[in-house]
Amino acid sequence: MTPPVTAALLYDLIACPHRVTMDLYSDPSERDEPSAFVELLWEKGSLYEKEVIAGLKERFLDLSHFAGDEKEQRTSEAMQRGEPLIYGGRIQIDGLLGDPDLLRKKESGYLAGDIKSGSGEEGPDDNSKPKLQYVVQLGLYTDILERKNLSASRHAFVWDIHGREVSYDFQAPYGKRSARTLWQDYEDALGQAQSIVNKRLVTLPAFGAICKLCHWYSLCVEQLKKTDDLTMIPELGRSKRDVMYGSVRTVAQLASTDPESFANGQKSVFPGIGLGTLRKFHERAKLLSAKDGTPYTREPIAFPDHECELFFDIEVDPMRDICYLHGFVERLGQDNATERFVSTFAETATPAAEKRAFGEAWTYIQDRQPCTIYYYSKYERTVYRALQEKYPDVCSADDIERLFDPTNAIDLYNDIVKKTTEWPTWDFSIKTLAKYLGFSWRDTHPSGAASIEWFHRWIDSADPAIRQRILDYNEDDCRATRILRDALANLPVMAEPIA
């Protein structure tokens, strides 16, 4: 029997089509154990939904305690009666199965809605848009309602973590420059999902940052290594791999190929891949394929010469919208023997605790001026700008911009690693590069996601061992940044592409 297309299946499809294939047709015993962070997301999502429903003022029909065919039958009967609001229903038709959190009666039919423990939109406030993962789920519910002649319109809604109702208009164009609609996004995802379900589409694993949270991670990595997949090349993701796949299938094949043979003027023959980008991928393929491949820089790297250096990393819980830790490894005179770890920690998940930790971190940074600050990616600057807006009495917006002036504040990832260096690694994350350089984290499974889960356990238990685990992880992140900075300063310069 062909499995139905569900909202959960479509959600996973947006992240990784191959996960859908694996979930449907692979041996479940080969899965990795779910990470504690993923389990936390499930738990928090369920708890938030219960909180929202418990606080609902309007009358609703609760079908959440029913299951399977009985739930579907009771949902159908409730809609025929015209129940104004249905919670926990089930709808199904034509191989499509949906479990919308909410079904709301309008004059001409029903609108579907979901309760989400995340934001209903993504992107900057002045240009936000519906989340694609939510679009495909709500599109499925709307499609089922349409096919059953029960839909009010091609609209749906999300009750999100901010307490807002976010409307999804499936027929409105994206904007003046694009006539594409959310409904087209849904239909494309549905078509791909149906092809996977019916085994008309063979998917391939692809390496990416999101993989590390997936329960198929170990199995997929094993297959990627075995097939020498192109997505092991940094920044060459699934979509680029797929357009190249007809001509080049492996890292070794790309390494041995002349990229100019794929030139089409200043472009390449591969849609969406410029000739310069293809040359970059070719160099990375050669570096990965070489037995003695070593990192290099295309131009000399010079850092500011300050007596004091701060290697900086923060920890943020997006579910609680709180920056709970500011960590610094301080070094004097480039002498590692002088290193010390300094941190400011939000002892509770409250604005007052967040403000205190931010204020103490700000004071510490100011007391160390002049100094050079090293961090990895734009995240620290983005969060500090947000903290300044929340707590303007700690510092001004101009203060933040001066702090992150690139003269003395160095984003090692965007300003150095990404722009000028190459590494024989699958990605350029701080953990990958620091481990390549021989650094080891004290924790067996270090990650920002794990730190968030630890923070939740700290808030629930006040266990000092958990607090120390968070601090140790952050200190190791800061120290890894120092390890990388020193390695960058000593990389060989290779102006011409490697032979």
Side-chain angles (χ1 to χ4, degrees), residues 297-316 323-346 354-421 428 430 433-434 437 439 471-491 493:
T297 176
R298 288 179 290 274
E299 58 188 61
I301 298 172
F303 293 115
D305 186 19
H306 283 122
E307 172 69 13
C308 179
E309 297 170 296
L310 301 181
F311 301 91
F312 173 40
D313 184 58
I314 58 175
E315 307 295 339
V316 175
C323 178
Y324 57 89
L325 177 57
H326 308 249
F328 308 87
V329 163
E330 177 184 319
R331 181 172 72 171
L332 301 177
Q334 296 187 23
D335 181 359
N336 294 344
T338 68
E339 284 186 356
R340 68 184 185 115
F341 177 62
V342 177
S343 64
T344 64
F345 187 77
E354 181 183 49
K355 179 180 179 180
R356 180 192 56 76
F358 176 45
E360 290 176 355
W362 182 260
T363 299
Y364 167 76
I365 294 171
Q366 298 310 302
D367 288 346
R368 295 302 176 274
Q369 298 299 323
C371 69
T372 305
I373 299 175
Y374 296 97
Y375 57 103
Y376 205 73
S377 88
K378 298 176 181 178
Y379 190 56
E380 276 70 19
R381 184 179 64 185
T382 299
V383 171
Y384 262 47
R385 284 172 173 167
L387 288 171
Q388 188 281 322
E389 290 183 3
K390 290 170 75 173
Y391 312 113
D393 51 332
V394 171
C395 60
S396 69
D398 288 341
D399 289 334
I400 295 294
E401 299 312 308
R402 280 191 292 269
L403 176 67
F404 287 97
D405 186 316
T407 303
N408 295 309
I410 313 299
D411 176 350
L412 289 178
Y413 175 68
N414 287 291
D415 296 342
I416 308 294
V417 169
K418 194 174 179 182
K419 280 186 179 179
T420 70
T421 72
F428 297 153
I430 185 66
L433 299 188
L437 294 167
F439 182 74
L471 294 175
D472 288 348
Y473 164 72
N474 181 263
E475 179 181 356
D476 286 349
D477 268 2
C478 294
R479 209 170 297 281
T481 306
R482 191 268 295 165
I483 294 287
L484 178 59
R485 178 261 180 229
D486 290 351
L488 290 168
N490 293 290
L491 282 185
V493 179

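Only heavy atoms go into these numbers, but all of them, side chains included; no hydrogens, no water, no symmetry mates.
Considering CG of Leu488 and OG1 of Thr421, their distance stands at 6.0 Å, rounded to 0.5 Å. The CG atom of Leu403 sits 4.0 Å away from the CD1 atom of Ile373 when rounded to the nearest 0.5 Å. Rounding to the nearest 0.5 angstrom, the gap separating the CD atom in Glu309 from the CG atom in Asp335 is 10.5 Å.
Legend: salt bridge (charged side-chain N to carboxylate O under 4.0 Å, His left out) pairs involving residues 402-417, not counting sequence neighbours, sorted by first then second residue: Asp399-Arg402.
Applying the salt bridge (charged side-chain N to carboxylate O under 4.0 Å, His left out) criterion to Glu360, with sequence neighbours excluded, gives Arg356. For Lys419, the side chain to side chain donor-acceptor pair (under 3.5 Å) test picks out no residue, with sequence neighbours left out. With sequence neighbours excluded, no residue forms a ring pair (Phe, Tyr, Trp, His ring centres under 6.0 Å) with Tyr379. Glu380 pairs by the salt bridge (charged side-chain N to carboxylate O under 4.0 Å, His left out) definition with nothing, not counting sequence neighbours. Residues satisfying the side chain to side chain donor-acceptor pair (under 3.5 Å) test with Asp393, not counting sequence neighbours, are Lys355. With sequence neighbours left out, the ring pair (Phe, Tyr, Trp, His ring centres under 6.0 Å) criterion links Tyr324 to Phe455. Under the salt bridge (charged side-chain N to carboxylate O under 4.0 Å, His left out) criterion, Arg381 pairs with no residue at all, not counting sequence neighbours. With sequence neighbours excluded, the residues that form a side chain to side chain contact (heavy atoms under 4.5 Å, CB included) with Thr363 are Asp367. Take Asp313 and apply the side chain to side chain donor-acceptor pair (under 3.5 Å) test, not counting sequence neighbours, and it matches Asn474. Applying the salt bridge (charged side-chain N to carboxylate O under 4.0 Å, His left out) criterion to Arg479, with sequence neighbours excluded, gives Glu339, Glu475. Residues that satisfy the side chain to side chain donor-acceptor pair (under 3.5 Å) test with Tyr374, not counting sequence neighbours, are Arg485.
Not one N or O on the side chain of Ser343 forms a donor-acceptor pair closer than 3.5 Å with the backbone of Gly327. Side-chain atoms of Thr338 never come within 3.5 Å of backbone atoms of Gln334 as a donor-acceptor pair (strictly under, hydrogens ignored).
The two residues Cys308 and Glu330 have their closest heavy-atom pair at SG-CG, 4.1 Å. Contact detail for Thr344 and Ala357: the closest heavy-atom pair is OG1-O, 2.9 Å. Heavy-atom minimum distance, Pro304 versus Thr372: CB-OG1, 3.4 Å. Closest heavy-atom contact between Ala409 and Phe404: CB-CA, 3.7 Å.
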Test side chain to side chain contact (heavy atoms under 4.5 Å, CB included) on Leu310 and Tyr364 and set out the steps. CA-CA 10 Å; Leu310 301 181; Tyr364 167 76; 3.3 Å; yes
Test log, rule side chain to side chain contact (heavy atoms under 4.5 Å, CB included), inputs Arg331 and Asn336: CA-CA 6 Å; Arg331 181 172 72 171; Asn336 294 344; 2.7 Å; yes
Trace of the side chain to side chain contact (heavy atoms under 4.5 Å, CB included) decision for Asp476 with Phe341: CA-CA 10 Å; Asp476 286 349; Phe341 177 62; over 6 Å; no
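Annotation: Tyr384 is in aromatic contact with Phe312 [ring centroid separation under 6.0 Å].
Residues Glu315 and Tyr473 have side chains that never bring a donor and an acceptor to within less than 3.5 angstrom of each other.
Atom CG of Asp305 is surrounded by 12 or fewer heavy atoms from other residues, nucleotides or ligands within 6.0 Å. Heavy-atom contacts from other residues, nucleotides or ligands closer than 6.0 Å to NZ of Lys390 number more than 12.
Two residues are said to be in side-chain contact when any heavy atoms from C-beta on lie closer than 4.5 Å; Leu387 and Cys323 meet this criterion. Residues Leu484 and Val417 have side chains in contact (heavy-atom distance under 4.5 Å, counting atoms from C-beta outward). The closest side-chain heavy-atom distance from Ile410 to Ile416 is below 4.5 Å. The shortest side-chain heavy-atom distance between Ile365 and Phe328 falls under the 4.5 Å cut-off.
Ring geometry, Tyr391 versus Phe358: the interplanar angle falls from 30° to 60°, so the pair is classed tilted.
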